[in-house]
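Nothing fancy with the numbering, it's 1 onward along the sequence.
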Amino acid sequence: NSTLTSLDISNHRIEDAGAAELGRVLASNCSLTALLLCSNKIGDAGAQALAEKLKHNTSLCSLGLSGNRISRCKVGTLLAALRFNPSIRH
């Protein structure tokens, strides 16, 4: 969808497989600027999948992942991936 710019799917019980699928979509999406995935059930595998795909997204400016099950190590992996995205601010 080229008109969707913001998506809030917090509190929807999204797990690692769902996060991986979202990552796949984000890799080719050029319109989404804000994605909120707060308070889901995303763990390290989902964070890793998101990190790998976020390297290829250049439109996302804001990503919310608070309240998930992501370890500090994988938070670091996400932060490293976001360095490839010059538009990310939050």
Engineer: Going by side-chain contact (heavy atoms from CB on, under 4.5 Å), Leu35 matches just one of Leu60, Leu54, Leu65. Which one?
Structural biologist: Leu60

Engineer: Is there a chain of hydrophobic side chains (I, L, V, M, F, W, Y, each step under 4.5 Å between heavy atoms) that links Val25 to Leu7?
Structural biologist: no

Engineer: Does one hydrophobic cluster hold both Leu79 and Leu26, with members joined at side-chain heavy-atom distances below 4.5 Å?
Structural biologist: yes

Engineer: Looking at SG of Cys38 and NE2 of His12, how far apart are the two atoms once the value is rounded to the nearest 0.5 Å?
Structural biologist: 12.5 Å

Engineer: If I compare all heavy atoms of Ser31 with all of Leu4, which pair ends up nearest, and what's the gap?
Structural biologist: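 That closest heavy-atom pairing would be OG-O, 2.9 Å.
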
Engineer: First locate atom OG of Ser28, then atom CG of Asn57, and finally report the distance between them rounded to the nearest 0.5 Å.
Structural biologist: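 Answer rounded to 0.5 Å: 9.0 Å.
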
Engineer: What pair of heavy atoms forms the shortest contact from Arg13 to Asn40, and how long is it?
Structural biologist: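 Here Arg13 and Asn40 meet closest at N-OD1, 2.9 Å.
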
Engineer: Roughly how far, to the nearest 0.5 Å, is the OG atom of Ser39 from the CD1 atom of Ile14?
Structural biologist: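 One finds 11.0 Å between CD1 of Ile14 and OG of Ser39.
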
Engineer: Take Asp8 and Leu37 through the test side-chain contact (heavy atoms from CB on, under 4.5 Å) and record every step on the way to the result.
Structural biologist: CA-CA 7 Å; Asp8 183 351; Leu37 295 168; over 6 Å; no

Engineer: What distance do Leu78 atom CG and Leu63 atom CG have between them, rounded to the nearest 0.5 Å?
Structural biologist: 7.0 Å

Engineer: Do Asp44 and Ile70 make a side-chain contact, defined as non-hydrogen atoms from C-beta onward lying under 4.5 Å apart?
Structural biologist: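 Counting from C-beta outward, Asp44 and Ile70 do come under 4.5 Å.
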
Engineer: Is there a side-chain contact (heavy atoms from CB on, under 4.5 Å) between Lys41 and Asn68? Walk through the geometry before answering.
Structural biologist: CA-CA 5 Å; Lys41 295 181 178 183; Asn68 281 287; 5.6 Å; no

Engineer: According to the salt bridge (Lys or Arg N to Asp or Glu O under 4.0 Å) rule, which pairs have a member within residues 19-39, sequence neighbours left out?
Structural biologist: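 Sorted result for residues 19-39: Glu21-Arg24.
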
Engineer: Do Leu50 and Val75 share a hydrophobic cluster (ILVMFWY, side-chain heavy atoms under 4.5 Å, transitive)?
Structural biologist: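 Leu50 clusters together with Val75.
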
Engineer: What are the two closest non-hydrogen atoms of Asn29 and Ser59, and how far apart are they?
Structural biologist: O-OG, 3.6 Å

Engineer: If every non-hydrogen atom of Ile42 is compared with every non-hydrogen atom of Asp16, which pair is closest and at what distance?
Structural biologist: C-OD1, 3.7 Å

Engineer: Any salt bridge (Lys or Arg N to Asp or Glu O under 4.0 Å) pairs touching residues 56-75, not counting sequence neighbours?
Structural biologist: none

